[in-house]
Amino acid sequence: MKIFTTLCFVLLAAIPARAGTNLPPARSFLLDDETSFELTAPLKQYEKPSRLAGKVSSMGGGTAAILVNRWAAEFDDIFPDVVMDCHGGGVVNGLAALLEGKVDLLPMVRELEPDEVARFKAKFGYEPTQIVVAQDAEAVYVNKCNPLPGFTLAQLDAIYSQKSKRGGGRPEFWRELGVPAPLGDQRINRFCLVRAHSNYAYFQEHVMQGEEYRFDVHFEVVPSSVVQAVGADDAGVGFASVMFATDRTRFVPLQAADGHYLVPSYENIVNRKYPLVRPIRIVFHRKPDGSMNLAAWEFLRFTVSRYGQRIIALGGSFPLTLEEQTQALQTIGEPPRKTGQ
Amino acid sequence: MLSRACRLASALTILGVLLSGCASSGPSEKEQRAAQARVEAARTFKKQVNSGSERVSIEELDQLTYGYADRYFMVISSAADAIKRGNPDPVQRRIAHQAKLNGILAMDDIVSSDDPYARTLDLVVSVTLQSILLIDENRAEQVFGDRAPVLIAAIRTMRVEAWQLAARVLTQEQLESLDYIIIEWRRTHRGIDQVAYVKFDNFAGARAAGLLADLKAGDGFLAPLSEAAIVMKDWKRLTERAFWYSKRAPNIAAIQAEGAVNEILAEPEVNSALQSVDRFSKTAQAASATIDAQRKAFFAELDARQTLLTNTLDDVRHIVDEANALGGTASLLTTNVQQTLVTLEDTLKVADSVGHHFGLDQPSTKPPARPFDIQEYTAAMVQLNSVVTNLYQLSLGADQLTRSEGWNKMLKDMTDATDRRVDRAFSRLCLALVFAFILAIIYRVISLRLARRMGRPTDTKP
């Protein structure tokens with residue numbers, strides 16, 4: 001069965017090479033229930049303590065905060081005596097709260113910047129701890145009627161940036177990117193999340209090489225709206241997490257380092273071949289002597305467990321592999337000897 | 001007995017005391033500092049007011065939601081009508097009208113609610129869920145095919161506007177929370193199609209409750225209001241809401257009634273029923289008499305419903321008349337109720353003509369084509385019953401509109417508000433009388449004392 005599943009993924013990933021006709025909608029790349037169970041089956045199951053009480057507070061942004069909320073809802077059911085206090089609001093606010101000791105967890109979809117690690121170290125004398133809790137990637141969405149065969153990063157840069165540093169020109173109409181009429185004669189409508197979201201900066205840094213966004217980009221306040229905007233507009237293009245895939249959009253294959261065009265399928269994300277992979281992380285505060293909030297420690301173990309990973313896989317996200325789970329559990333470490341921070 | 005001179009003297013004394021109090025000495029250093037502080041506070045307040053122009057007051061939020069609802073009516077109605085126009089498929093016409101009707105009724109229900117905070121969240125929830133269903137889940141295209149883009153564009157426009165409205169009163173974090181709550185609800189309720197009626201209250205959990213509480217506490221961009229301020233502004237807002245609701249009631253009634261007619265015409269069994277009725281009249285003259293009886297029963301039922309409807313509207317008009325304390329509001333409401341009545345009567349006439357058009361009131365005189373078949377008779381009766389049932393629902397729907405809780409609640413609110421207004425006026429009158437009485441006593445006491453003082457030297461004279 002595993003071979004069959006793998007074969008399915010390979011076939012799905014190969015489809016964009018035959019660009020133009022009957023391209024599958026983005027949603028078809030998300031895991032179905034059966035595959036979700038199959039992929040999470042090898043993972044180590046969560047071992048529940050007999051009793052747990054306390055409070056876990058979290059503040060982060062975007063997709064990572066959504067996943068933490070999903071886990072928190074289940075964790076709350078398992079441990080009614082644990083108060084889950086989860087907030088969105090972005091990584092910048094979350095980091096400030098972590099530094100002030102107001103939150104235990106900082107969910108995010110990027111690594112901490114060196115200066116952010118330095119701030120933490122300057123305050124506490126040691127570095128923060130972080131684990132990968134789920135797979136994710138920045139998908140580029142177009143309307144399902146758009147037969148675009150794929151993008152190079154230079155083309156993507158040229159669509160969004162004021163000055164294309166990668167040399168992709170300055171496309172205004174879809175025909176300039178190889179799309180035939182009648183859609184080819186339409187102007188490209190660009191959608192993006194507002195600056196408060198981390199993928200604004202991520203895309204700016206990784207695709208646009210620090211260049212500013214064009215003035216005519218339409219900014220949306222929540223990621224689901226970016227994807228819907230593309231679904232409602234034949235000439236739209238946008239980028240957001242894979243987990244917001246819908247039936248009216250499709251993933252645009254991106255040219256990988258080896259020259260192949262790849263969609264953000266589970267396989268292409270797990271093997272890190274897709275160019276815009278963004279694992280979801282949780283940063284937390286654990287002292288060198290091992291002390292931390294016991295409820296937060298249990299919550300972290302829960303998130304990477306088979307049960308925790310199954311929750312997010314069934315919700316449309318991509319789970320960890322066994323190797324990644326083992327690494328995360330090692331980082332989480334032994335039960336804290338002392339609680340508190 | 002006090003002389004006129006005494007009274008004048010006492011008044012002058014009081015005035016003198018007051019004036020001396022004001023001008024007895026120049027401002028001390030402490031008072032100057034206090035005055036300076038007040039000036040600074042006023043400047044700071046002015047700056048805050050200027051810089052905080054983005055904060056939305058409760059009245060502005062009211063107007064924003066009314067404006068949004070009006071645009072929603074216009075945009076969604078236009079899109080649904082565009083799908084229906086020249087569309088040969090009765091099922092598509094019916095579903096387009098249902099989408100329009102459900103959306104408009106849901107929006108009307110949301111905007112006529114009295115809590116502007118919940119109203120804002122309800123509005124975003126309803127429109128976002130509609131957009132998820134029609135766009136993200138591709139339902140619009142599945143149902144309307146090539147005609148879908150107009151509805152997709154319309155609902156997308158309204159979603160964008162709803163979130164722009166939400167962004168006026170919610171922080172980025174609150175917007176993300178709201179988005180998460182909506183997405184999660186849809187993820188766990190994928191089987192529900194009538195999403196227009198989903199409200200924020202349907203979202204259980206501390207997260208949803210916390211978001212509403214934050215919003216009410218002014219923990220966003222919505223200007224917080226004290227309880228007292230809310231009470232003072234309630235009256236004005238209630239009146240505005242009544243106007244808004246009453247102005248749109250006839251249109252909503254018309255759309256509702258049209259929807260019921262579409263329901264009848266779109267059902268395949270109705271078409272076949274009509275064909276069966278025609279064939280039936282050809283095959284058995286005896287049966288046509290039964291059909292005729294059914295027809296009479298059908299129109300008798302319609303007449304009965306119409307009488308009931310008229311009585312109901314008379315009741316409503318009577319209640320509105322009782323709210324005459326509201327002055328102009330009552331007459332306007334009455335006018336609009338009359339418009340509603342006219343619209344509904346027109347609709348019933350349309351229903352009548354529908355029956356006429358399909359020959360339900362014209363027994364056939366043509367000879368039978370083939371022998372009577374009891375199976376056809378039974379099927380025809382069942383199908384005719386379906387027509388009657390649907391038309392009964394049409395009149396019931398109109399009836400429900402006038403008997404609806406929302407309508408009655410609005411009238412009750414207006415009556416209550418009038419009562420409160422009278423109570424307040426009476427309380428003020430009582431207070432004024434008590435105050436006048438106390439003043440009279442004080443005046444009497446001061447006058448007596450002054451009279452004694454002025455009279456004392458005279459008394460001491462030998």
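Basis for what follows: all heavy atoms, side chains included, without hydrogens, waters or symmetry-related copies. Computed from a predicted model, the values in this text were never measured in an experiment. Protein chains get the first letters and strands the later ones, always in sequence-line order, with residue 1 at the start of each.
Listed options Ser131(B), Ala153(B), Ala166(B) were ranked by heavy-atom pairs under 4.5 angstrom with chain A; first place goes to Ser131(B). Of the residues considered (Gly316(A), Ala196(A), Ala245(A), Gly315(A)), Gly315(A) shows the highest number of contacts with chain B, using heavy-atom pairs under 4.5 Å. Each of Ile132(B), Asn138(B), Ile152(B), Leu134(B) has some count of heavy-atom pairs under 4.5 Å with chain A, and the biggest count is that of Asn138(B).
Within the 3.5 Å criterion, the main-chain N or O of Ala97(A) finds no donor-acceptor partner in the side chain of Glu100(A). Between the side chain of Arg278(A) and the main chain of Val109(A), a donor-acceptor pair closer than 3.5 Å is present.
With a 4.5 Å cut-off on non-hydrogen atoms, Ala229(A) touches chain B through its backbone and its side chain both. No part of Thr188(B) comes within reach of chain A, as not one of its non-hydrogen atoms sits under 4.5 angstrom from that chain. Both the backbone and the side chain of Arg70(A) come within contact range of chain B, with heavy atoms under 4.5 Å apart. Looking at Ala232(A), both its backbone and its side chain come within 4.5 Å of chain B, counting heavy atoms on both sides. For chain A, the nearby parts of Ile135(B) are the backbone and the side chain; heavy atoms of each come within less than 4.5 Å.
Taking CG of Asn189(A) as the reference point, atom CG of Asp234(A) lies at 10.0 Å (rounded to 0.5 Å).
Side chains of Phe239(A) and Tyr141(A) form no contact here, defined as non-hydrogen atoms less than 4.5 Å apart.
Not counting sequence neighbours, the partners of Val150(B) by the side chain to side chain contact (heavy atoms under 4.5 Å, CB included) test are Ala79(B), Ala82(B), Ile83(B).
Between Phe75(A) and Phe302(A), the angle of the ring planes lies from 30° to 60°, which puts this pair in the tilted group.
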